[in-house]
Participant: 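Dropping the structure in here first, questions after.
Reminder, nothing fancy here: chain letters follow the sequence lines and each chain counts from 1.
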Amino acid sequence: MKIFNLAWRNVFRHRRRTIITAAAISVGLAVMIYMDTMMNGLDSLAAGNIIDFETSHLEIFAKGYYREEGLFPLDTIIENPEFILQRIGKIKTIKGVTPRIKFQCRINNGIDELPVLGIGIDIEKESKVFETANTVVRGGYLKNQDDILIGKDLAKDMDLDVGSFLTIITRDQYGTYEAYDFTVSGLINTGHPLLDRNAALMHINIAQRLLSMHGITELCIKTRDDNKLMQLKQEIASEIGKNFEVYTYKELNAGIFEISGMKRSGQFMLALVVVIIAAVGIINTMLMAVMERIPEIGMLKAMGFGNYNIVKMFIYEGGIIGIFGSLFGCFLGLLASFHLVYFGLDLSHMLKDLDMIYPVKFIITGEINYMIVLGVFIFGVVVSVIVTLWPVRKATKLEPVEALRHV
Amino acid sequence: MKIQIPNPKHQVPNPKHQETRDKENGGTMIEHQVIRVPGYQRIRGKGLKSRIIRLSIVPYALCSMLFAQSGEEIIAQVDRNTVVSTVSYRAKMLISLGGKIREKEFIGYTRGKEYSYVEFVSPARDKGTRFLKIGDEMWMYIHAVERSTKIAGHMLRQSMMGSDFSYDDVAENEKLRDLYEIEFIGIDTIDDKACYKLELTAKVPEVNYFFKKMWVDKKTYIPVRSELYAKSGKLMKEVSITEYKKVETKNYPTKLIVVNKLRKDTFTELILEDIELDSKIPAKIFTKAYLERK
Amino acid sequence: MVEVRDLHKSYKVGKILFPALRGINLKIEDGEFTAIAGPSGSGKTTLLNAIGCLDIPTKGDVLIDGTSIATLSTKEKAEFRKNELGFVFQTFNLIPVLTAYENVEMPLILVNMPAAEKKERVISILEEVGLSEFIDRKSNEMSGGQQQRVAIARALVKKPSMVLADEPTANLDSTNAKEILSLMKELNKKKKTTFIFSTHDQLVMEFAERIIYLRDGKIASDKKK
């Protein structure tokens, strides 16, 4: 028999202690894995919505456009997009480019007015970059010049439907008021709160007319390879020069991804706290268990077991319990996570009236990050070893007689 | 005898119109609205009819110069009414947005064209909010924050105190002759008063309303009604001055209603009370120090 | 050979320092079957523990085959115990869920020995203590006497030069006690292993060849039979 076998036998000898410790670890780890899976899902969803509807992978602006969050200035516009299109036309990884004009306006149904973001789109090029055309749930896409698309939720808020008239009130780039009548051609339901509740889409040339401008506010770019966005950004920037700015969707939504990042460490902290609380409870149990075994430790010392071997034995014990606990915890966590991945969590009722900064809605599906699962597994084992070891250190400092005499 | 000056052909900019033009241009956007040159319009054509019309315009044009005033002069008269050495007043403002009504009260001081100061006294949450305007610059002071902010840039487009005006709406009124081509159209009757009807068309791009119509009371030179139009030709706001106070040679408006024509039950009513014209107002009122006083 | 020189040991009992040993001097030769006897509190267990380097003396020293225990580090003491000593306790101190075999095997974990040889050792020593039929019996399923035999087997499995037994018969009935003592005497004769007992049991003293009486921490008498 070796020390490991001895440790193994000891683990099964104290069944209740083993089960409690392993169970506590399991639950903590399962929670951590599930939360991570959910957060991954939320991130992807948010990113997905942003990419599919709001900014696509990259955006090009005139230099100085993106100076203030939520400003949408009309004085810093791209006057000739052809220059940019010509320059970036040779970049193979670009899948599609579409121009957009974003401007602040109010939507007026004769009774109420709401501030919304006006978005002028080029319907032909849009389809290569954005998914908006596929999200029309009532009516049709933009056809006639005076057609406008609004979100299903916005329509409901303003008592509008397909065929309704509405007036868009805005000020052109010189500040002159414009009020223009549109017909609602369709309602969209994208899952992105910005487009569903706070935007109105129209033909880009109408937008230009309303705003008395020739140019556009931005070019949106979709790429085939969404892992190499920073490289693509550099490539584009070097092609088009100093008069323009290029941003990836993550940079444009830094706030949101920061929140996500903060949420992550917050979530991690929470899980850590949970685990620490569990650990403290385990330490208590372990303390008692080790106390019970001090005479046994004394006997081992009498037999000539050095501290090194005694500690080694307890490390093995902690490790074995940790592995069991972690295995079971990962199993539970993965089980719950698979449910989240394949069935998802339906939050559409809960989130309906919430004003979300985070661009998600409806059903959250998860994404399992196996690296995290592995990390969590290792974490569980390590915690278990530490928790077993800590009370033993004191015991090993005793003289054999003191240990043997210990009650 | 009323002199009828024939109306040269003019058009109110019209969305349908623009549409056709768009199609003609192959669907590209329009550069800019056509700015009409007022006064003597060129009548095209070589036929006899056109020649007669052309010839007959001349004496009419001369008459208009002699007997009636040009649009610019009418506006100049309007301006003269409101330029006083000093005014101090108490005002009530009734704001209705979609039927939701709010009342505010403020006191104000104006000196000449350059200086004005306004301080809200009611309701409680607006009490202590102050505005100072010197020339083209405007500052705002909120009592709770204890700091003054210059209203500039895109802030000027924000609504003033929750009303239907924006800050730059107010500022624009003083520069009509710089911003608009003013054309005298004819005589019209509003509420049994004879009025000069004027049409104002933007002559620079940086205006708030591309097109305005004004009816100026012949006797008092008060613009009893103004209609403010968007670029598309849609009527956006209607401003009526229904009461005024006569002080020596000047007529000072005391009741003003602005109706939002695009939104039901949305209007702002302004009533000036306790008006004192040409009294002595200490100069310190029009300083930033006074604005920021505790 | 064990030499005890001017050994003192005091314990703190609450606030009072209790002197258990107050200067012991003696020599024990190889192969002896010696009992350290005396009334309760006389210091006999303390002396045994000191000899077994299970405790640190307050003053004085123990030399085993010339090596001074006081100069050894904790590690060295453990090594020493591993190689030279075997212990038998009043409370057996076996691991209950392990079998007799496994309990006896435990000290061998520390040595580098081929598995087959280990197995042979364990089985043969269990045979010698008369437990060949109990090899795979769990120790918590054995009687007191059987357990003590396992403890003895465990103490002897590494062929130590000395076995220290602290009140080995205290938890046994007289029949079992006699059997155990005969067994140990036999092993002493056969293997020349030194046996030192700490006891107040008359029976042990009958088997012993030399009795060292302690009283109040000092040697009262030292008689060879």
Side-chain angles (χ1 to χ4, degrees), chain A residues 67-68 70-77 79 99 101 103-115 120 122-124 144-147 158-159 165-183 202-216, chain B residues 13-23 25-33 97-100 153-159 164-169 171-172 179-180 201-212 228-237 260-266:
Chain A
R67 57 186 179 263
E68 201 183 306
L71 186 55
F72 303 107
L74 294 176
D75 56 0
T76 324
I77 57 177
E79 297 281 359
I101 296 182
F103 60 101
Q104 286 175 325
C105 59
R106 297 202 305 274
I107 185 174
N108 173 311
N109 62 0
I111 301 169
D112 291 310
E113 259 179 34
L114 277 179
D122 175 330
I123 55 173
E124 205 187 290
N144 302 322
Q145 284 296 290
D146 290 348
D147 281 349
M158 291 211 73
D159 223 357
F165 289 101
L166 58 84
T167 310
I168 292 289
I169 301 173
T170 187
R171 298 176 75 154
D172 72 8
Q173 66 164 315
Y174 303 105
T176 309
Y177 280 102
E178 176 66 298
Y180 195 86
D181 286 345
F182 288 87
T183 311
M202 63 197 71
H203 286 283
I204 194 168
N205 45 342
I206 293 290
Q208 285 172 322
R209 188 162 84 205
L210 295 185
L211 303 171
S212 303
M213 63 191 234
H214 307 232
I216 59 175
Chain B
N14 174 333
K16 293 255 167 39
H17 222 91
Q18 285 158 349
E19 248 177 65
T20 1
R21 231 183 278 176
D22 260 354
K23 289 201 182 97
N25 291 345
T28 56
M29 43 14 38
I30 298 183
E31 294 252 353
H32 216 35
Q33 291 295 352
L97 289 176
K100 198 159 152 215
H154 61 95
M155 267 188 83
L156 284 166
R157 298 193 182 178
Q158 288 173 10
S159 146
D164 224 4
F165 298 97
S166 59
Y167 296 108
D168 59 356
D169 280 347
E172 190 174 84
L179 303 171
Y180 294 91
T201 313
K203 64 182 179 186
V204 292
E206 297 86 359
V207 291
N208 285 1
Y209 296 94
F210 182 73
F211 181 70
K212 298 188 188 187
L228 312 177
Y229 290 84
K231 275 184 345 176
S232 64
K234 243 174 134 57
L235 175 61
M236 290 189 75
K237 294 209 169 95
N260 183 333
K261 299 302 275 185
L262 295 175
R263 194 174 169 191
K264 205 167 87 154
D265 295 329
T266 303

Participant: Is it true that a side-chain atom of Glu178(A) and a backbone atom of Ala230(B) form a donor plus acceptor pair closer than 3.5 Å?
Facilitator: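 No, the answer is negative, given that no donor and acceptor are paired below the 3.5 Å cut-off.
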Participant: Of the backbone (N, CA, C, O) and the side chain (C-beta and beyond), which part of Leu211(A) lies under 4.5 Å from a heavy atom of chain B, both, or neither?
Facilitator: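 Contact with chain B involves the backbone of Leu211(A) alone.
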Participant: May I ask you to decide if Phe210(B)'s main-chain N or O and Thr176(A)'s side chain share a donor-acceptor pair within less than 3.5 Å?
Facilitator: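 No, because the side chain of Thr176(A) does not come within donor-acceptor range (under 3.5 Å) of the backbone of Phe210(B).
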Participant: Looking at CG of Leu262(B) and CG of Asp181(A), how far apart are the two atoms once the value is rounded to the nearest 0.5 Å?
Facilitator: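 Interatomic distance, Leu262(B) CG to Asp181(A) CG, rounded to 0.5 Å: 8.0 Å.
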Participant: Would you please name every residue forming a side-chain hydrogen bond (donor to acceptor under 3.5 Å, both in side chains) with Thr170(A), sequence neighbours left out?
Facilitator: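 For Thr170(A), no residue satisfies side-chain hydrogen bond (donor to acceptor under 3.5 Å, both in side chains) once neighbours in sequence are set aside.
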Participant: So how far is it from Ser166(B) OG to Arg171(A) CZ, rounded to the nearest 0.5 Å?
Facilitator: 4.5 Å
Participant: Any chance you could measure Glu206(B), atom CD, to Asp172(A), atom CG, to the nearest 0.5 Å?
Facilitator: 9.5 Å
Participant: Locate the shortest heavy-atom distance separating Pro205(B) from Tyr174(A); write the atom from each residue and the value.
Facilitator: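 Where Pro205(B) meets Tyr174(A) most closely, the heavy atoms are O-CB, 3.2 Å.
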Participant: Is Asn260(B) close to chain A through its backbone or its side chain, or both, or neither, when contacts mean heavy atoms under 4.5 Å?
Facilitator: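 When you check distances to chain A, only side chain atoms of Asn260(B) fall under 4.5 Å.
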Participant: A quick test of your reading: do over 12 heavy atoms of other residues, nucleotides or ligands sit less than 6.0 Å from CG of Asp265(B)?
Facilitator: yes
Participant: Apply side-chain hydrogen bond (donor to acceptor under 3.5 Å, both in side chains) to Glu113(A) and list each qualifying residue two or more places apart in sequence or on a separate chain.
Facilitator: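 Glu113(A) satisfies side-chain hydrogen bond (donor to acceptor under 3.5 Å, both in side chains) with Arg106(A), Asn108(A) once adjacent residues are dropped.
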Participant: Could you tell me if Lys231(B) sits above the aromatic ring of Tyr180(A), with its cationic atom closer than 6.0 Å to the ring centre and no more than 45 degrees from the axis?
Facilitator: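 Checked: cation-pi criterion not met.
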Participant: Asn109(A) and Arg263(B): side-chain donor and acceptor closer than 3.5 Å?
Facilitator: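 Looking only at side-chain atoms, Arg263(B) and Asn109(A) do not form any donor-acceptor pair under 3.5 Å.
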Participant: If you round to the nearest 0.5 Å, how far is CE of Met236(B) from CD1 of Ile169(A)?
Facilitator: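 Result: 5.0 Å between the selected atoms.
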Participant: For Gln158(B), is the CD atom crowded, meaning more than 12 foreign heavy atoms sit under 6.0 Å from it?
Facilitator: yes
